[in-house]
Structures are given as C-alpha cells and as structure tokens.
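What follows is one structure encoded as structure tokens, with my remarks underneath.
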Amino acid sequence: MIIATWNVNSIKVRADNVVRWLEEVKPDVLCLQEIKSIDENFPNEKFEDLGYNVAVHGQKTYNGVAILSKHPIEDVTKGLPGNNTDEQARYLEAVITTDQEVVRVASIYLPNGNPVESAKYPYKLEWMDHLIARANSLLEFEEPFVLAGDYNVIPTDDDVHNPSGWWGDALYRQETLDKYRTLIELGLTDAFRTCHAQPHRYSFWDYQAGAWQKDHGIRIDHLLLSPQAADLIKGADIDAHTRGWEKPSDHVPAWVELNL
DNA sequence: ATGCCGGGCGAAGCCCGA
C-alpha cells in the first residue's frame, strides 16, 4: 500500500497535475494540503473517476486538507482533537480499511509560523503541542498509523541547501526542533529518512529566484509512522520531478510503501 | 531581496506562503 502526501497550493489550479501523478504512481492514499477550497468546490469527480474516495476539510481562501483513497474512508475526524477553537482547516484524520488491514491516516498542514516575533509563531508551537498530544493518544492503540503532511519543519542540516541562511526561521530554529523532537521521540519514524541516508533531498523549492533550477530546496513534507507501521515499511521516496511540470506546486509528493 | 513568484479575491492591489 502506497500512502502519499502533497501540498498542492490550490486544488483548483493543481487538479490536473494531481490526476497526472495519480495515474503515474497509483497510490492507495494521497493526503493533500493547502487546497484553498471549501468542501463544496473541491473537484471530487476528477478523483472519483479514477476510483478514489474523497474526504475534505476545506476552508475559503486559505489552508484546507483532504484525503483521497482507493479504499473505503471511515471514521473521519475534521480538526485536531483537543484543539476545538482552531479556525484554520489544517488536520483531517480517517481510518482506511482494506479487505485485510486497517491503517489510520492523517493529512496535516502544520502552521508556517513566520514571522517568529508575530502571534503566528506561538500559534505554530501550540498547534505542535496538540499534534504531540494526538500522536500520544493514537500510540496507545498500538496500531499502524501514518501522520502525513506539510510539517513546515526542517529536521536537520541535511534537509536544507543553506543551513546557516535558514537558521532562525520559524521552520528551522531551536524551539521548533525541540517540539519536533518531542513528537518523534514518542516513537515515530520519518519514512523517507529511514529509507535514505543521502543528504539534500528536498520536497519544496520556492517559486522565486530560480530555487528549483539551483536546487535550493528544503525537506519539510514528512510521513511519520507509528511503530506498527514502521515495521511494514517497504520503501519511501520524494517525487521531485513534478516540480518541473507546467504550473507546478512549490511542493512535490512524498510517499511511503507499506507491506499492507 | 523580512516576497524576486504564485494563488485567492475580485477586478487594483493587498494578504499570504516558506
């Protein structure tokens, strides 16, 4: 089973690229972020035509997350449990069931947090606290789950083209990394990093200043696996080639294949 | 370059992203 994540930066503009990638890779599940669409305007039909079920937690203009799945989508949760006052659509969780197996999947759009001296940064840190609490609760079930999405966190120097230039940014500073480490140390596994030791593999390149052409990227889109899911890892990768397509998102798909 | 692109909104120019 292939489970993927992709920040598409507007589903309206990116629907055809998503269809193209779905036909190419045929993932079982695709978590989408930054759809920038309300539920009613999400192009369900384009994905249903390819055999995907659709769950959407949308929002007008900003944010918005969705899950596409070839298998039934059950037990859908919109918003981070325990974070009921959050006005921003950044979390969608569901249970994916196959004939044999069950895997829980969350589509996550973690706040950017810049500028760090604004209220946006404490909002990011508090949002991470809620995510940590949710992961902790899910771990008690001792079942396979995948928390997939745009984390807006650069985990290490190996995940950024210019570490010293980025240090201090909301994506790459001590308080952010402390929270991220707390999440990981609950017992989660970074799917890409456990399969690839090579540094400087990225999932985002800015639209500006020729960042893609110069490979000035960062790795901020992650699939974090519970121990029961990590035991099933067959492979993982990042599909950078979509960044070279016409009308690309600034993010590219990342995926994990599980023996499910 | 604390916004050079790109998208939303809405019909010019501002807000937002990482």
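Side chains included, hydrogens not; waters and symmetry mates left out as well; all remaining heavy atoms used.
Look at the P atom in both B:dA1 and B:dG17: the space between them is 23 Å, to the nearest Å. For the C1' atoms, the distance linking B:dC16 with B:dG10 amounts to 16 Å, nearest Å. Distance noted for atom P between B:dG6 and B:dA11: 24 Å (whole Å). Between B:dG13 and B:dT2, the distance separating the two P atoms is 24 Å to the nearest Å.
Residue A:V102 belongs to a hydrophobic cluster whose other members are A:V95, with links defined by side-chain heavy atoms closer than 4.5 Å.
Using a 4.5 Å heavy-atom threshold, the side chains of A:Y202 and A:V252 count as separate.
Residue A:D221 is out of contact with every strand shown, counting any heavy-atom pair closer than 4.0 Å. Looking at heavy-atom distances under 4.0 Å, A:Y109 makes contact with sugar-phosphate atoms alone, never a base. Residue contacts shown for A:H216 are absent, as no nucleic acid heavy atom lies under 4.0 Å away. Within 4.0 Å of A:D150, counting heavy atoms only, lie sugar-phosphate atoms of the nucleic acid but no base atom.
Protein atom CG of A:D169 is 12 Å distant from nucleotide atom P of B:dG17, rounded to whole Å. A:N152 places its CG atom 15 Å from the P atom of B:dC16, with the value rounded to the nearest Å. With rounding to whole Å, A:K214 atom NZ is found 13 Å from B:dC5 atom C1'. Atom CH2 in A:W166 sits about 12 Å away from atom C1' in B:dT2, given to the nearest Å. The separation between A:E34 atom CD and B:dC5 atom C1' is 14 Å, rounded to whole Å. Computed from coordinates, the A:D206 CG to B:dC4 C1' distance equals 9 Å when rounded to whole Å. With rounding to whole Å, A:D250 atom CG is found 17 Å from B:dG3 atom P. Atom-to-atom, CZ of A:F204 to C1' of B:dG17 comes out at 8 Å; the value is rounded to the nearest Å.
Note: A:T85 OG1 to A:E126 CD = 9.0 Å, rounded to the nearest 0.5 Å. The CG atom of A:D169 sits 6.5 Å away from the CD1 atom of A:I154 when rounded to the nearest 0.5 Å. Rounded to the nearest 0.5 angstrom, A:E34 CD and A:S249 OG are separated by 7.5 Å.
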field: Contact pattern, 5' to 3', of nucleotides 6-15 of chain B - B, S or - by protein heavy atom under 4.0 Å
entry: SSSS------
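The neighbour count for A:E87 CD, taken as heavy atoms of other residues, nucleotides or ligands under 6.0 Å away, does not exceed 12.
Clustering ILVMFWY residues whenever any of their side-chain heavy atoms sit less than 4.5 angstrom apart, transitively, puts A:V146 in the very cluster that holds A:V65.
Using cut-offs of 30° and 60° on the angle between ring planes, the pair A:Y180 and A:Y151 is perpendicular.
Defined by atom type and a distance below 3.5 Å, a donor-acceptor pair is missing between the side-chain atoms of A:D206 and A:H216. Neither side chain, A:K120 nor A:N114, offers a donor N or O lying under 3.5 Å from an acceptor on the other.
Between A:L110 and A:A209, the residue anchored closer to the 5' end of DNA chain B is A:A209, taking for each the nucleotide with the nearest heavy atom.
For the segment residues 114-126 of chain A, the set of residues with a heavy atom within less than 4.0 Å of an atom of DNA chain B comprises A:N114, A:K120, in numerical order.
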